[in-house]
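Inspection log for the structure reproduced underneath, given as structure tokens.
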Amino acid sequence: MTPNGTIAPNVEAKGARIPVLGLGTWDLRGRTCARVVEQALRFGYRHVDTAEIYDNEREVGEGVRASGVKRNEVFVTTKIWPSHFAAHELERAARDCLVRLRLSEVDLLLLHWPNPQIPVAEILGALGKVKRDGLARHIGVSNFTVSLIDEALQSSSEPLVCNQLECHPFLDQSKLIAACRQRGMAVVAYSPIAKGSVRGDKVLSSIGAAHKKTAAQVCLRFLVQQDIVVIPRTSKVERLGENAAIFDFALSEQEMADISRLAHRDGRLVNFAFSGRQKWD
């Protein structure tokens with residue numbers, strides 16, 4: 001339940017029902033991570049996002065169990081790092097994720113970043129097998145371009161339900177979002193409040209004042225009003241309520257247009273290309 005007593009909606013794609021509001025856990029560690037996950041779920045969040053490279057899957061699992069929320073009510077996403085995409089490694093990496101999370105399956109398993117060194121057909125074949133073996137209820141991709149999405153869809157025997165990507169008002173992702181929708185895939189936005197930089201934006205702050213909301217809440221509302229799943233990351237329990245209080249107001253067409261105009265060429269915050277050497281994103 002959200003603060004105003006309503007249930008956050010789901011975005012549906014190819015049989016998956018993904019809660020539109022989730023908790024991102026990048027860079028959360030130790031007891032802080034477990035505590036924030038636990039409190040988020042107690043507060044009403046039903047979607048938690050992690051990754052093997054975040055080195056916090058154990059703490060995420062601890063937080064899920066400590067929350068007291070039934071497992072079938074929590075949507076857990078994790079991601080496999082590109083160095084583990086080879087067919088003989090991907091299944092082992094997925095099983096290792098489950099061991100750390102102490103879960104029998106995840107709700108969504110994603111390929112974290114593209115790996116140009118391994119054929120897409122080999123990667124998607126291995127990912128599909130992981131799903132068929134019952135390690136993941138749904139599978140998808142992250143940080144894939146339109147051309148890579150098409151190649152992945154052609155190579156996959158199982159539905160790909162989403163593309164997780166950097167998405168916030170300062171970055172124009174309209175072409176990629178449109179491509180995902182045309183292919184029946186959900187869009188999951190990481191860094192949806194641009195790592196906190198939205199709080200200083202005059203347009204977002206002005207719109208927020210009109211609705212008695214913060215700039216961050218306006219930013220999140222802008223995305224979910226487009227049926228984009230958001231997974232804001234926070235280490236502060238008090239921010240959980242702010243990020244969740246986005247379902248009791250709506251932005252006008254003019255406000256949506258004004259926010260859309262904030263996008264610019266230098267808006268990307270995460271620049272990365274896997275070369276086989278990196279250990280972090």
Here the gap from Leu23 atom CG to Gln39 atom CD, rounded to the nearest 0.5 Å, amounts to 11.5 Å
Where at least one partner belongs to residues 93-109, residue pairs that pass side-chain hydrogen bond (donor to acceptor under 3.5 Å, both in side chains), sequence neighbours excluded
Glu57-Arg100, Arg71-Asp107, Glu91-Arg95, Asp107-Arg137
Would Val36 and Leu240 count as a side-chain contact (heavy atoms from CB on, under 4.5 Å) if you check the C-alpha gap in whole Å, the side-chain angles of each, and the deciding distance to 0.1 Å?
CA-CA 8 Å; Val36 171; Leu240 295 172; 4.3 Å; yes
Could you walk me through whether Glu59 and Val37 satisfy the side-chain contact (heavy atoms from CB on, under 4.5 Å) test, starting with their C-alpha distance in whole Å, then the side-chain angles of each, then the deciding distance to 0.1 Å, before giving a yes or no?
CA-CA 8 Å; Glu59 290 78 10; Val37 170; over 6 Å; no
Looking at residues at least two apart in the chain, or sitting in another chain, which of them share a salt bridge (charged side-chain N to carboxylate O under 4.0 Å, His left out) with Arg58?
none
Residues which pass salt bridge (charged side-chain N to carboxylate O under 4.0 Å, His left out) with Glu89, listed by chain and number, not counting sequence neighbours:
none
Give a yes or no on whether the backbone of Phe75 and the side-chain of Arg46 come within a donor-acceptor separation of less than 3.5 Å.
no
So, the side chain of Lys79 versus the backbone of Thr50: is there a donor-acceptor pair under 3.5 Å, distance only?
yes
Under 3.5 Å, side chain of Ser206 to main-chain N/O of Val203, donor-acceptor pair present?
no
Evaluation steps, side-chain hydrogen bond (donor to acceptor under 3.5 Å, both in side chains), between Thr234 and Asn243:
CA-CA 9 Å; Thr234 184; Asn243 291 343; 5.2 Å; no
Thr25 backbone acceptor or donor facing Asn56 side chain under 3.5 Å:
yes
Would you say that Leu220 contacts Ile193 through its side chain, given a criterion of any heavy-atom pair below 4.5 Å between the two side chains?
yes
Under 4.5 Å between any side-chain heavy atoms of Ile207 and Leu251, yes or no?
yes
With rounding to the nearest 0.5 angstrom, report the CG to OH distance, Leu28 to Tyr54.
10.0 Å
Any heavy-atom pair between the side chains of Pro82 and Leu111 that's under 4.5 Å?
no
Val188, Leu171: one ILVMFWY side-chain cluster at the under-4.5 Å cut-off?
no
Would Val161 and Leu108 count as a side-chain contact (heavy atoms from CB on, under 4.5 Å) if you check the C-alpha gap in whole Å, the side-chain angles of each, and the deciding distance to 0.1 Å?
CA-CA 9 Å; Val161 305; Leu108 180 59; 3.5 Å; yes
Partner residues of Asp150 under the salt bridge (charged side-chain N to carboxylate O under 4.0 Å, His left out) criterion, sequence neighbours left out:
Arg183
What's the separation between atom CD1 in Ile177 and atom CG in Leu223, rounded to the nearest 0.5 Å?
7.5 Å
Any donor and acceptor pair, going by atom type alone, linking the side chain of Gln226 with main-chain N or O of Phe222 inside 3.5 Å?
yes
Residue pairs fulfilling salt bridge (charged side-chain N to carboxylate O under 4.0 Å, His left out) with at least one residue in residues 8-20, sequence neighbours excluded:
Glu12-Arg17
Do you reckon Val270 sits in the same ILVMFWY cluster as Leu262, going by side-chain contacts under 4.5 Å, direct or chained?
yes
Within the side chain of Arg65, is there an N or O that forms a donor-acceptor pair under 3.5 Å with the backbone of Val60?
no
Would you give the length of the straight line joining atom OG of Ser197 to atom CZ of Phe170, rounded to the nearest 0.5 angstrom?
5.0 Å
With the side chain counted from C-beta on, respond yes when Ile246 and Val224 share a heavy-atom pair under 4.5 Å apart, and no when they do not.
yes
Considering all heavy atoms, the nearest Ala51-His112 contact:
CB-CE1, 3.7 Å
Specify the closest pair of heavy atoms between Ser191 and Glu166, including all atoms of both residues, with the distance to one decimal.
CB-CG, 4.4 Å
Going through the checks in order, is the side-chain contact (heavy atoms from CB on, under 4.5 Å) test met by Val230 and Cys219?
CA-CA 10 Å; Val230 294; Cys219 182; over 6 Å; no
Between atom CD1 of Ile123 and atom CD1 of Ile118, what is the distance when rounded to the nearest 0.5 Å?
5.0 Å
Heavy-atom side-chain contact between Met185 and Ile149 under 4.5 Å
yes
Applying side-chain hydrogen bond (donor to acceptor under 3.5 Å, both in side chains) to Asp227 and not counting sequence neighbours gives none
Under 3.5 Å donor-acceptor pairs involving side-chain atoms of residues 253-260, not counting sequence neighbours:
| from | atom 1 | to | atom 2 | distance (Å) |
| --- | --- | --- | --- | --- |
| Gln254 | NE2 | Asp258 | OD1 | 2.9 |
| Glu255 | OE1 | His211 | NE2 | 3.0 |
| Glu255 | OE1 | Ser252 | N | 2.8 |
| Glu255 | OE1 | Ser252 | OG | 3.4 |
| Glu255 | OE2 | His211 | NE2 | 3.0 |
| Asp258 | OD1 | Arg261 | NH2 | 2.3 |
| Ser260 | OG | Met256 | O | 2.9 |

Relative to each other, are the rings of Phe43 and Tyr45 parallel, tilted or perpendicular (30° and 60° limits)?
tilted
Listed once per pair and sorted, the salt bridge (charged side-chain N to carboxylate O under 4.0 Å, His left out) pairs that draw on residues 192-221, sequence neighbours left out:
Lys213-Asp248
Taking only residues two or more places apart in sequence, or in another chain, which ones meet Glu158 in a salt bridge (charged side-chain N to carboxylate O under 4.0 Å, His left out)?
Lys131, Arg132
Euclidean distance, Asn115 CG relative to Trp81 CH2, rounded to 0.5 Å:
10.0 Å
So do the side chains of Gln173 and Leu165 get within less than 4.5 Å of each other, counting heavy atoms only?
yes
Within the 4.5 Å heavy-atom criterion, are Leu21 and Pro232 side-chain neighbours or not?
yes
Distance only, no hydrogens: is a donor on one side chain within 3.5 Å (strictly under) of an acceptor on the other, for Gln164 and Asp49?
yes
With sequence neighbours excluded, residues passing ring-ring contact (aromatic ring centres under 6.0 Å, His included) with Tyr190
none
Is a side-chain N or O of His84 found less than 3.5 angstrom from the main chain of Leu90, in a donor-acceptor match?
no
Taking side chain as C-beta onward, heavy atoms only, is Val106 less than 4.5 Å from Leu101?
yes
Before you tell me yes or no, could you show the steps for Glu38 and Arg35 under salt bridge (Lys or Arg N to Asp or Glu O under 4.0 Å), namely the whole-Å CA-CA distance, both residues' side-chain angles and the distance that decides it to 0.1 Å?
CA-CA 5 Å; Glu38 176 187 355; Arg35 179 175 60 90; over 6 Å; no
Taking every heavy atom of Ala152 against every heavy atom of Leu124, the minimum-distance pair comes out as O-CG, 3.7 Å
N/O donor-acceptor pair under 3.5 Å between Asn163 side chain and Phe144 backbone:
yes
Would you confirm whether Ser156, through its side chain, and Leu153, through its main-chain N or O, come within 3.5 Å as a donor-acceptor pair?
no
Check side-chain hydrogen bond (donor to acceptor under 3.5 Å, both in side chains) between Thr145 and all other residues, then give those that pass, not counting sequence neighbours.
Ser147
Could I get the full list of ring-ring contact (aromatic ring centres under 6.0 Å, His included) partners for His138, not counting sequence neighbours?
none
